[in-house]
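Written out below as structure tokens is the structure these notes cover.
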Protein chains: 2
Amino acid sequence: MWRRAAIYGGLLAAGTLALEWLDYERLARALPGEIYVCLIAAGFLGLGVLVGARVFGGRAAPVFDGNPTAQAELKISRREMTVLKEVAAGRSNKEIALVLKVSPNTVKTHIARLFAKLGAKGRVDAINRARELGIVP
Amino acid sequence: MWRRAAIYGGLLAAGTLALEWLDYERLARALPGEIYVCLIAAGFLGLGVLVGARVFGGRAAPVFDGNPTAQAELKISRREMTVLKEVAAGRSNKEIALVLKVSPNTVKTHIARLFAKLGAKGRVDAINRARELGIVP
DNA sequence: AGGGCAATCGCCCAAAAGGGTGATTTCAGC
DNA sequence: GCTGAAATCACCCTTTTGGGCGATTGCCCT
């Protein structure tokens with residue numbers, strides 16, 4: 001969405017520059033000076049947004065709390081989500097078991113289900129896929 | 001660094017706007033129209049970069065190839081960096097060994113050194129710490 | 001020429017992770 | 001009251017990881 005806005009800004013900038021290039025004189029006669037300045041400025045503002053978006057991050061989703069859509073799509077349960085977050089935090093099965101106050105076997109079961117649902121072959125892989133799907137920051 | 005540039009851009013924009021606000025008439029008399037347009041445009045360009053940087057990502061380092069500063073600080077060698085990237089891609093030691101055409105033992109050695117340098121107690125932990133330090137995307 | 005470092009590999013062993021299967025409980029929804 | 005899904009736990013077994021040695025090679029630098 002923001003990427004789209006940036007592209008529109010860039011197009012606006014390009015359009016403005018093209019107009020200037022093609023018929024500067026007539027444009028200058030037709031438009032009051034201030035409006036012309038504002039046009040150019042707006043174009044550069046859009047271009048700047050484009051540059052900023054290109055240079056920085058570029059990741060689509062910002063703040064994040066899990067993507068309910070993809071999460072529901074894969075039928076990842078609440079418990080599996082909490083376990084997934086623990087895994088992403090770099091904790092071991094034993095640590096997760098302690099934190100969640102369940103048996104290590106339970107943690108292993110949850111993780112196994114997560115792997116199946118995410119199509120992952122390891123915890124790092126699972127985290128990467130979850131991040132691609134936008135269900136983990 | 002890029003953040004600094006964005007801030008400079010924003011300051012330029014603010015300065016330009018302030019000048020316009022304070023003494024538009026004298027500025028218009030003193031400067032040829034095109035230069036004035038360029039000044040405003042450059043200001044807005046910087047402002048746009050600032051907005052883009054603020055809206056998107058916000059992470060400090062952008063396109064990326066490893067953060068040389070933190071990397072040098074921890075004395076992470078070239079080979080260790082490539083191994084780290086493979087680990088972050090979710091590959092197993094055996095797979096990494098195949099890709100890099102070295103023995104699995106060598107991969108293990110590199111990873112062990114990485115753990116020591118990063119102060120990590122597992123691959124996921126190592127990736128998280130490396131990402132915090134900005135030496136991995 | 002010698003020291004230091006990166007890169008490579010080997011071996012041993014313990015711990016962790018992962019795969020497969022089965023079982024129980026709890027609880028919401030029909 | 002029955003059903004199904006979620007959550008819990010257990011056991012067995014294989015593979016992977018990780019820790020802790022040591023050793024060699026090649027390269028850069030002084």
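These numbers come from a predicted model, not from an experiment. Order of the sequence lines fixes the chain letters, A, B, ..., with proteins taken first and strands second; residue numbering starts at 1 for each chain.
- A:Lys75 places its NZ atom 13 Å from the C1' atom of D:dA6, with the value rounded to the nearest Å.
- In this structure, A:Gly90 and B:Val124 approach most closely via the heavy-atom pair CA-CG1, 3.4 Å.
- Taken residue by residue, residues 96-106 of chain A places no heavy atom nearer than 4.0 Å to DNA chain C.
- The side chain to side chain contact (heavy atoms under 4.5 Å, CB included) test applied to A:Leu98 returns no partner, not counting sequence neighbours.
- The main-chain N or O of B:Val102 is never found under 3.5 Å from a side-chain atom of B:Thr106 such that the two would form a donor-acceptor pair.
- Phosphate proximity of D:dA6 to A:Arg78: absent, as no side-chain N or O sits under 4.0 Å from OP1 or OP2.
- Rounded to 10°, the helix from C:dA1-D:dT30 to C:dC30-D:dG1 has 50° between the axis fitted to its first five pairs and the one fitted to its last five.
- Considering only residues two or more places apart in sequence or on other chains, A:Glu95 meets the side chain to side chain contact (heavy atoms under 4.5 Å, CB included) condition with A:Arg91, A:Ser92, B:Lys121.
- In this view, A:Arg129 and A:Asp125 satisfy the salt bridge (Lys or Arg N to Asp or Glu O under 4.0 Å) rule, not counting sequence neighbours.
- A straight line from CG of A:Leu114 to P of D:dA6 spans 12 Å, rounded to a whole angstrom.
- The main-chain N or O of B:Pro104 is never found under 3.5 Å from a side-chain atom of B:Lys94 such that the two would form a donor-acceptor pair.
- Across B:Ile127 and B:Val87, no two heavy atoms sit closer than the pair CD1-O, 3.8 Å.
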Distances under 3.5 Å between nitrogen or oxygen atoms of protein and nucleotides 23-30 of chain D:
none

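- Atom OG1 of B:Thr82 is separated from atom CZ of B:Arg79 by 5.0 Å, given to the nearest 0.5 angstrom.
- One finds a side-chain N or O of A:His110 lying less than 4.0 angstrom from the OP1 or OP2 phosphate oxygen of D:dT8.
- Across all their heavy atoms, A:Ile111 and A:Val83 have their closest contact at CG1-CG1, 3.7 Å.
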What pairs of nitrogen or oxygen atoms, one from the protein and one from nucleotides 17-21 of chain C, lie under 3.5 Å apart?
from	atom 1	to	atom 2	distance (Å)
C:dA17	OP2	A:Asn93	N	3.1
C:dG18	OP1	A:Arg123	N	3.2
C:dG18	OP2	A:Arg123	NE	3.1
C:dG18	N7	A:Lys108	NZ	3.2
C:dG18	O6	A:Lys108	NZ	2.6

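- Residues meeting the side chain to side chain donor-acceptor pair (under 3.5 Å) test with B:Asn128, sequence neighbours left out: none.
- Rounded to whole Å, the distance from CG on A:Leu84 to C1' on D:dA7 is 17 Å.
- The two residues B:Glu80 and B:Lys117 make their nearest non-hydrogen contact at OE1-NZ, 2.9 Å.
- Spacing between atom CZ of A:Arg79 and atom P of C:dT26 amounts to 15 Å, rounded to whole angstrom units.
- Across A:Val136 and A:Ala88, no two heavy atoms sit closer than the pair CG1-CB, 4.4 Å.
- Applying the salt bridge (charged side-chain N to carboxylate O under 4.0 Å, His left out) test to residues at least two apart or on different chains, none of the pairs has a partner in residues 98-114 of chain A.
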